Protein chains: 2
Amino acid sequence: MDQKTQFPDSMFLVDVDGHPDGQRHKTLSFSRTPSVLLTFAANRFTRSSARVYMKDYGIGAMDWRMLVMLVREPGCSAARASAAIGIDKGAISRSLARLEAKNLVEYESLESDERRKKWFLSKKGMALHDEILEVALARLRVMLDGFSEQDIQDFNRLLQLFMDNMAKESLS
Amino acid sequence: MDQKTQFPDSMFLVDVDGHPDGQRHKTLSFSRTPSVLLTFAANRFTRSSARVYMKDYGIGAMDWRMLVMLVREPGCSAARASAAIGIDKGAISRSLARLEAKNLVEYESLESDERRKKWFLSKKGMALHDEILEVALARLRVMLDGFSEQDIQDFNRLLQLFMDNMAKESLS
DNA sequence: GATGTTCAATTGACAAGACAACACGGCAAA
DNA sequence: TTTGCCGTGTTGTCTTGTCAATTGAACATC
């Protein structure tokens, strides 16, 4: 467990000159700090995805994720989707409302409790999903240009590990 | 250049059963698709960072990035920060306004053009930066628990490569 | 049978960031 | 000199996601 001190802080820091106080100051390196690169990369990816999906298909990045979710787990509830996608349940609720207004999704209420809903893609929603999936795969291939197969496996493994470590943090 | 077809789509897809139409449908795998893992990881990281920084220091994730930026490039302009952090210049402008209201930053106008400003951290801002930096490094160490030094270098390299590929996309 | 607890879902208030429009000074070309 | 363009910065508006409060049903306990 206690590998936390294995890396010296200097690994992630730069030492900068030119401040008005005449002193040198340390701060995070952009290029050597994984969390910085991670957030930059993800922000830019989400933003450019959102632009593409919105322009060509009229739905946002969030709604696209929801379509994927509903293919993966047909009949899932809003709460389940919230946990799986890691997004607030309020946002999920609104996303489903948007998608329903476009007739892309449908729901079935449980007999036992009218308010609990199981969500499915409509025929139209499935068709849209399949269409966007092609675009998403094409973009993904562009993003992975220059990656070896081993790189991809490493990348996935490291992202997963990073995420798992985050889950640990929130427990404490 | 044309390595784009080197990976079969199946590498990133799952094949799901249990749809109302009785058919099987393919969609993105969460665990094997880098862009999915990337956005999940980054969203969760940013969110939990924002909570920590806001709760303990009263500033958001965006404002923290701005503090780092001003240590890296003392005297930089809003436009420069926008390009470097990859965030809309409007958001930068508001962030600087918030930070100024808290006396964390100061500016100097150019003699030539009153409206053009060079931004610096105030003494108070630098102190806050140094304080938060400790927390950021501690969190980073937690996130990198289980990473080897080679893993970190790979992670940085792959994130950088992914980002560079995105830049290429937007040119076309 | 009454009461309290838990959980799904919705909704309103709010914050952050994207996008677009605009203001304004500098600068270059006519 | 004037005209038009460019680079900066500010601001309004919209979307999206978070947080918190609320509703309403099921279930458990007394």
Side-chain angles (χ1 to χ4, degrees), chain A residues 39-40 42-55 57-66 69 73 75-102 105 107-119 170, chain B residues 39-40 42-55 58-66 69 75-102 105 107-119 170:
Chain A
T39 48
F40 282 17
N43 280 346
R44 292 174 61 163
F45 182 77
T46 302
R47 208 176 331 144
S48 85
S49 300
R51 250 197 313 266
V52 171
Y53 299 153
M54 181 56 81
K55 183 169 87 65
Y57 306 101
I59 69 174
M62 163 83 221
D63 293 342
W64 162 238
R65 269 178 267 180
M66 202 61 218
M69 185 68 206
E73 300 194 17
C76 85
S77 68
R80 166 70 195 139
S82 169
I85 310 188
I87 285 186
D88 185 80
K89 59 182 178 163
I92 298 285
S93 178
R94 283 184 248 260
S95 171
L96 286 169
R98 281 193 299 271
L99 292 173
E100 199 195 2
K102 295 180 180 170
V105 299
Y107 67 87
E108 229 176 65
S109 289
L110 296 192
E111 330 62 56
S112 58
D113 185 344
E114 261 307 296
R115 291 166 322 124
R116 308 218 175 169
K117 297 172 185 171
K118 301 173 66 170
W119 290 91
S170 54
Chain B
T39 49
F40 282 18
N43 281 346
R44 292 175 62 164
F45 183 77
T46 302
R47 207 174 334 142
S48 85
S49 300
R51 252 197 310 266
V52 172
Y53 300 151
M54 181 56 80
K55 182 169 88 66
I59 70 173
M62 162 85 220
D63 294 342
W64 162 237
R65 269 178 267 180
M66 201 64 217
M69 184 68 206
C76 86
S77 68
R80 167 70 195 137
S82 169
I85 311 188
I87 285 185
D88 184 81
K89 60 178 178 169
I92 298 285
S93 176
R94 283 184 248 258
S95 171
L96 286 169
R98 280 193 299 271
L99 293 173
E100 199 195 2
K102 295 180 179 168
V105 299
Y107 67 86
E108 229 175 65
S109 290
L110 296 192
E111 330 63 56
S112 57
D113 185 344
E114 262 305 296
R115 294 165 319 127
R116 308 216 176 169
K117 297 172 186 171
K118 300 173 67 171
W119 290 91
S170 54

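Just so it is clear, the structure is predicted and the values come from calculations on it, not from any experiment.
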Quickly work out the A:Met54 CE to C:dG17 P distance and round it to whole Å. 19 Å
Note: A:Ala61 and A:Thr46 closest approach over all heavy atoms is CB-CG2, 4.2 Å
Given C:dG25, is OP1 or OP2 found less than 4.0 Å from the side-chain N or O atoms of B:Arg116? no
Can you find a pair of side-chain heavy atoms, one from A:Trp119 and one from A:Met69, that are under 4.5 Å apart? no
Selection from D:dT18, C:dG17, C:dA9 that lies nearest to any side-chain heavy atom of B:Met62: C:dG17
Gap between atoms NZ and P, on B:Lys117 and C:dA23 respectively (whole Å): 18 Å
Does A:Ile92 reach a base, just sugar-phosphate, or nothing at all? Heavy atoms under 4.0 Å. nothing
From the candidates D:dT18, C:dA9, C:dG17, the one with an atom nearest any side-chain atom of A:Ala78 is C:dA9
Between CH2 of A:Trp64 and P of D:dG17 the distance, given in whole Å, is 15 Å
Among C:dA8, D:dT13, D:dC19, which nucleotide sits nearest the side chain of B:Arg51? D:dC19
Please report, rounded to the nearest Å, how far the P atom of D:dT16 is from the CG atom of A:Leu99. 11 Å
Atom CZ of B:Arg98 and atom C1' of C:dA16: how far apart are they, to the nearest Å? 7 Å
At under 4.0 Å between heavy atoms, what does A:Ala91 touch on the DNA or RNA strands: base, sugar-phosphate, or nothing? base
Round to a whole Å and report the spacing from CZ of B:Arg47 to P of C:dG17. 14 Å
Side-chain contact check for A:Asp88: nearest option of C:dA8, D:dT11, D:dC19 is D:dC19
Could you state the CD1-C1' distance from A:Ile87 to C:dA9, rounded to the nearest angstrom? 17 Å
Does D:dT11 have OP1 or OP2 under 4.0 Å away from a side-chain N or O of B:Arg94? no
Distance below 4.0 Å between A:Lys118 side-chain N/O and C:dA9 OP1 or OP2: no
Closer to the 5' end of DNA chain C via nearest nucleotide, is it A:Leu96 or A:Asn43? A:Leu96
For A:Lys89, which contact category applies under a 4.0 Å heavy-atom criterion: base, sugar-phosphate, or nothing? base
Length of the line joining A:Lys55:NZ and C:dA18:C1', which is rounded to integer Å: 17 Å
Polar side-chain atom of B:Ser82 near backbone of B:Ile87 as donor-acceptor pair, under 3.5 Å: yes
Side-chain heavy-atom pair A:Arg94, A:Asp88 within 4.5 angstrom cut-off: no
Below the 4.0 Å mark, does C:dA8 have OP1 or OP2 next to a side-chain nitrogen or oxygen of A:Ser77? no
Where each residue is assigned the nucleotide of DNA chain D containing its nearest heavy atom, which of A:Ser95 and B:Trp119 is assigned the position nearer the 5′ end? B:Trp119
N/O donor-acceptor pair under 3.5 Å between B:Lys102 side chain and B:Ile59 backbone: no
